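Computed from a prediction, not measured in an experiment: that's the story for all the values here.
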Amino acid sequence: MSERLACRVLGQHRSTQRKVPRGRTDDAALTADIVELATRYGRYGYRRIAALLTNAGWAVNVKRVERIWRQEGLKVPARQPKRGRLWPNDGSCVRLRPEHPNHVWSYDFVEDRTHNGRKFRMLNVIDEFTRECIAIRIDRKLKSTDVIDVLSDLFILRGVPEHVRSDNGPEFVAKAVRDWITAVGARTAFIEPGSPWENGYCESFNSKLRDEVLNGELFYSLAEARIVIEGWRQHYNTQRPHSSLGYKPPAPPAVLWPAAQTQPASPATSTVVAKPTMH
């Protein structure tokens, strides 16, 4: 006898014969971790949150995270508008593209203010191939001599890159800076005036720094700004999933060894046994 005929004879609706969804036993724990991560990283979307959950030991896909994300009413951050690149008349792209670590570094200045209204500057240095933020120098004033000081420390620690990209700011085009970079064996790569998209890697990093830290923090002193921003830089390099790297961090310091893990750990409290990795 068919289900349709049986329900008609018994006088009950066919929907009463459907299987009642019971849900998953770990939905509550997963939802709590998603809400916790969304609260901590207010500018992350569900894809980046899913990557953090996977790194913490959750066996969960993006669709399930998206379902819970929307069920909890969490808001996805707005996407940045796309910008075109500069193309010369012959149809070739003038942008130098990074091909390996230490091939192209880029640096730029970002400004903000402490609680008392005093301005401070940040010099951000990025490895364009790995997307790693190599350094952030913070001070009330930064001049060309400070640029040389930052680069000299990085060249000693990491080696000399082939190219250093920047805009045409006076601190970067200063003769002392250009001569010093050439003397150590690197080359300068200045973008076209009025074309910030040619320094896209550094501009993208600057927007993330402002969106995730500067717009949400109130600094009462320069020392506090240095501590908070350096902590975020370490998080950006070692934990923050990067969409262009397959939602992996630019410079993870450790991997799980062995990889087996019995229970998913909370992303906020999990600790990882370190095994050094190389780029």
Side-chain angles (χ1 to χ4, degrees), residues 43 80 83 85-86 95-96 98 102 104-155 157-158 160-161 163-182 184 186-237 240 250:
R43 299 298 299 170
Q80 294 293 328
R83 297 180 180 179
R85 301 190 184 278
L86 182 63
R95 182 175 181 178
L96 174 67
N102 269 18
V104 182
W105 289 5
S106 60
Y107 54 2
D108 197 8
F109 284 111
V110 175
E111 294 185 354
D112 201 39
R113 295 181 183 272
T114 50
H115 181 255
N116 57 8
R118 294 186 61 190
K119 182 177 69 176
F120 66 89
R121 305 186 80 190
M122 292 157 279
L123 176 60
N124 304 332
V125 187
I126 310 295
D127 187 320
E128 293 191 357
F129 184 81
T130 63
R131 309 296 204 277
E132 180 182 2
C133 176
I134 305 173
I136 300 180
R137 171 68 68 87
I138 302 174
D139 216 328
R140 293 295 182 184
K141 295 181 179 180
L142 291 172
K143 302 179 180 180
S144 58
T145 53
D146 299 301
V147 173
I148 295 176
D149 183 47
V150 172
L151 292 181
S152 61
D153 291 343
L154 294 177
F155 287 2
L157 293 174
R158 293 176 167 265
V160 179
H163 299 85
V164 181
R165 193 198 311 271
S166 69
D167 58 25
N168 296 271
E171 300 87 356
F172 302 137
V173 300
K175 187 176 185 300
V177 175
R178 291 186 284 110
D179 291 347
W180 183 84
I181 291 177
T182 303
V184 297
R187 298 180 180 178
T188 55
F190 297 108
I191 68 174
E192 289 292 324
S195 304
W197 53 86
E198 288 189 36
N199 199 12
Y201 295 106
C202 205
E203 293 290 345
S204 175
F205 174 82
N206 293 345
S207 67
K208 292 178 176 64
L209 172 63
R210 186 167 297 282
D211 188 37
E212 298 176 11
V213 183
L214 302 183
N215 289 346
E217 294 284 347
L218 189 61
F219 303 117
Y220 289 94
S221 66
L222 192 63
E224 181 184 8
R226 286 170 176 162
I227 293 172
V228 172
I229 293 172
E230 175 61 20
W232 179 85
R233 186 185 77 87
Q234 295 292 338
H235 169 78
Y236 177 89
N237 288 336
R240 183 186 185 278

[X] to [Y] - nearest heavy-atom pair and separation:
{"X": "F219", "Y": "A225", "value": "CD2-CA, 3.5 Å"}
{"X": "I148", "Y": "A176", "value": "CD1-O, 3.8 Å"}
{"X": "E203", "Y": "D108", "value": "OE2-OD2, 3.3 Å"}
{"X": "F172", "Y": "R178", "value": "O-CG, 4.0 Å"}
{"X": "V177", "Y": "E171", "value": "CG2-O, 3.3 Å"}
{"X": "M122", "Y": "I138", "value": "CG-CG1, 3.7 Å"}

Just jot down the side-chain hydrogen bond (donor to acceptor under 3.5 Å, both in side chains) partners of [X], sequence neighbours excluded, or say none.
{"X": "D139", "answer": "none"}
{"X": "K175", "answer": "D179"}
{"X": "W232", "answer": "E212"}
{"X": "S204", "answer": "K208"}

State whether the side chain of [X] and the backbone N or O of [Y] hold a donor-acceptor pair below 3.5 Å, judged by distance alone.
{"X": "D146", "Y": "K143", "answer": "yes"}
{"X": "R140", "Y": "R118", "answer": "yes"}
{"X": "N237", "Y": "P250", "answer": "no"}

- Item | Derivation of the side chain to side chain contact (heavy atoms under 4.5 Å, CB included) call for V164 and V125 | CA-CA 10 Å; V164 181; V125 187; over 6 Å; no

- Qualifying residue, where the test is side-chain contact (heavy atoms from CB on, under 4.5 Å) with Y107 and the options are I134, V147, N124: V147

- Take V104 and F129 through the test side chain to side chain contact (heavy atoms under 4.5 Å, CB included) and record every step on the way to the result. CA-CA 7 Å; V104 182; F129 184 81; over 6 Å; no

What distance do [X] atom [atom1] and [Y] atom [atom2] have between them, rounded to the nearest 0.5 Å?
{"X": "H163", "Y": "T188", "atom1": "NE2", "atom2": "OG1", "value": "9.0 Å"}
{"X": "E128", "Y": "S106", "atom1": "CD", "atom2": "OG", "value": "4.0 Å"}
{"X": "S152", "Y": "L157", "atom1": "OG", "atom2": "CG", "value": "9.5 Å"}
{"X": "R137", "Y": "R121", "atom1": "CZ", "atom2": "CZ", "value": "13.0 Å"}
{"X": "I126", "Y": "N206", "atom1": "CD1", "atom2": "CG", "value": "7.0 Å"}
{"X": "R233", "Y": "L209", "atom1": "CZ", "atom2": "CG", "value": "11.5 Å"}

- Message: Within the 4.5 Å heavy-atom criterion, are F205 and I136 side-chain neighbours or not?
- Response: yes

- Query: Parallel, tilted or perpendicular for H115 and Y220, by the 30°/60° rule?
  - Reply: tilted

- Task: Evaluate the ring planes of F155 and W180, with Trp represented by its six-membered ring, and classify them as parallel (under 30°), tilted (30 to 60°) or perpendicular (over 60°).
- Result: parallel

- Task: Go through the steps to decide whether D167 and N199 satisfy the test side-chain hydrogen bond (donor to acceptor under 3.5 Å, both in side chains), and finish with yes or no.
- Result: CA-CA 7 Å; D167 58 25; N199 199 12; 5.7 Å; no

- Message: Once side-chain contact (heavy atoms from CB on, under 4.5 Å) is applied, do any residues pair with Q234, and if so which ones, sequence neighbours excluded?
- Response: E230

- Using the test salt bridge (Lys or Arg N to Asp or Glu O under 4.0 Å), find all partners of R158 that sit at least two apart in sequence or belong to another chain. E132

- Message: Could you walk me through whether V150 and L142 satisfy the side chain to side chain contact (heavy atoms under 4.5 Å, CB included) test, starting with their C-alpha distance in whole Å, then the side-chain angles of each, then the deciding distance to 0.1 Å, before giving a yes or no?
- Response: CA-CA 10 Å; V150 172; L142 291 172; over 6 Å; no

